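Let me begin by presenting the structure, written as structure tokens, before commenting on it.
Keep in mind it's a predicted model, so treat the numbers as computed, not measured. Position 1 is the first residue of the sequence; numbering continues from there.
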Amino acid sequence: MMSELSREIGEIWSRLFDHRPFLNGEIKFMLKEFEEKRGDREVENLFSILENLTDIKDTQVEKICKNGKTTLPILSEKLEQSLQLCEEIEKEYSEIKKVCKQKQTENQEKRQKEWDQFIDDMNFKCQRIDNTFEEKEEELRDLYADLKHKLNITDN
């Protein structure tokens with residue numbers, strides 16, 4: 001009974017934790033897949049890549065060197081022209097920036113002068129209104145004092 005139980009536990013353990021049969025099946029399947037279906041395609045692909053590389057090395061390198069010798073000076077010249085244009089644009093931008101800054105300062109000063117003038121005008125107008133009010137007040141006092149005197153009303 002005990003030996004039978006230990007045998008069954010061993011089988012359960014091997015089914016749960018021993019993956020060798022599954023892995024062996026997968027390995028055989030992969031080998032079969034590569035050997036039968038792909039055949040020598042991978043090797044042929046490698047050989048064709050090697051042929052292309054040697055062809056490029058033998059013929060194209062010289063062609064690239066010749067093209068480089070003729071086109072690189074032209075490219076270098078165009079790059080120099082581009083750099084000069086960029087420097088000119090940068091100079092113009094800095095000059096425009098200076099002019100804008102100067103204009104901004106002038107406009108700020110002009111607005112400040114206008115504001116100061118406005119405040120002065122408002123103060124002057126307020127002062128005139130205050131003076132006119134005081135004059136009218138004085139006139140009314142005099143008028144009422146005169147009326148009081150004419151009516152002989154005395155202050156008690």
Checklist entry - What do the steps show when you test Gln112 against Asp116 for side chain to side chain donor-acceptor pair (under 3.5 Å), and what is the final call? => result CA-CA 6 Å; Gln112 186 63 42; Asp116 292 341; 3.1 Å; yes
Item to check | Verdict with supporting geometry, Lys57 and Leu53, side chain to side chain contact (heavy atoms under 4.5 Å, CB included) | outcome: CA-CA 6 Å; Lys57 185 182 113 185; Leu53 285 175; over 6 Å; no
Under 4.5 Å between any side-chain heavy atoms of [X] and [Y], yes or no?
X	Y	value
Glu134	Asn131	yes
Glu4	Glu8	yes
Asp55	Thr59	yes
Arg7	Glu11	yes
Phe47	Glu44	no
Leu46	Leu50	no

Checklist entry - Take atom CD in Gln60; do more than 12 heavy atoms of anything else shown fall under 6.0 Å from it? => result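 Yes.
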Item to check | Heavy atoms from other residues, nucleotides or ligands near CD of Glu114 exceed 12 (cutoff 6.0 Å) | outcome: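 Atom CD in Glu114 is packed in, count exceeds 12.
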Checklist entry - Could you go step by step and tell me if Arg141 and Glu138 meet the salt bridge (charged side-chain N to carboxylate O under 4.0 Å, His left out) rule? => result CA-CA 5 Å; Arg141 267 195 212 123; Glu138 188 64 35; 3.6 Å; yes
Calculate, to the nearest 0.5 Å, the distance between atoms [atom1] and [atom2] belonging to [X] and [Y] respectively.
X	Y	atom1	atom2	result
Trp115	Asp120	CH2	CG	11.5 Å
Ile56	Lys63	CD1	NZ	11.0 Å
Phe124	Gln127	CZ	CD	9.0 Å
Leu147	Tyr144	CG	OH	7.5 Å
Glu135	Glu139	CD	CD	7.0 Å
Glu87	Ile89	CD	CD1	10.5 Å

Item to check | Gln81 and Glu77: CA distance, side-chain angles, deciding distance, side chain to side chain contact (heavy atoms under 4.5 Å, CB included) verdict | outcome: CA-CA 6 Å; Gln81 290 173 354; Glu77 184 180 324; 3.7 Å; yes
Item to check | Within one Ile-Leu-Val-Met-Phe-Trp-Tyr cluster: Leu79 and Leu72, side-chain cutoff 4.5 Å | outcome: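 Same hydrophobic cluster.
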Checklist entry - Linking I/L/V/M/F/W/Y whenever their side-chain heavy atoms sit closer than 4.5 Å, directly or via other members, would Met122 and Ile119 fall into one cluster? => result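 Met122 clusters together with Ile119.
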Checklist entry - Closest approach of Gly68 and Pro73, non-hydrogen atoms and distance? => result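 Gly68 and Pro73 have their closest heavy atoms at O-CD, 3.9 Å.
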Next on the checklist: Does this structure show an ion pair linking Asp146 with Lys150, if we count only N-O contacts that are shorter than 4.0 Å?
Outcome noted: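 Answer for the salt bridge query: yes.
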Item to check | Glu106 and its side-chain contact (heavy atoms from CB on, under 4.5 Å) partner, picked from Lys110, Gln108, Gln104, Lys103 | outcome: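 One option only clears the test, and that one is Lys103.
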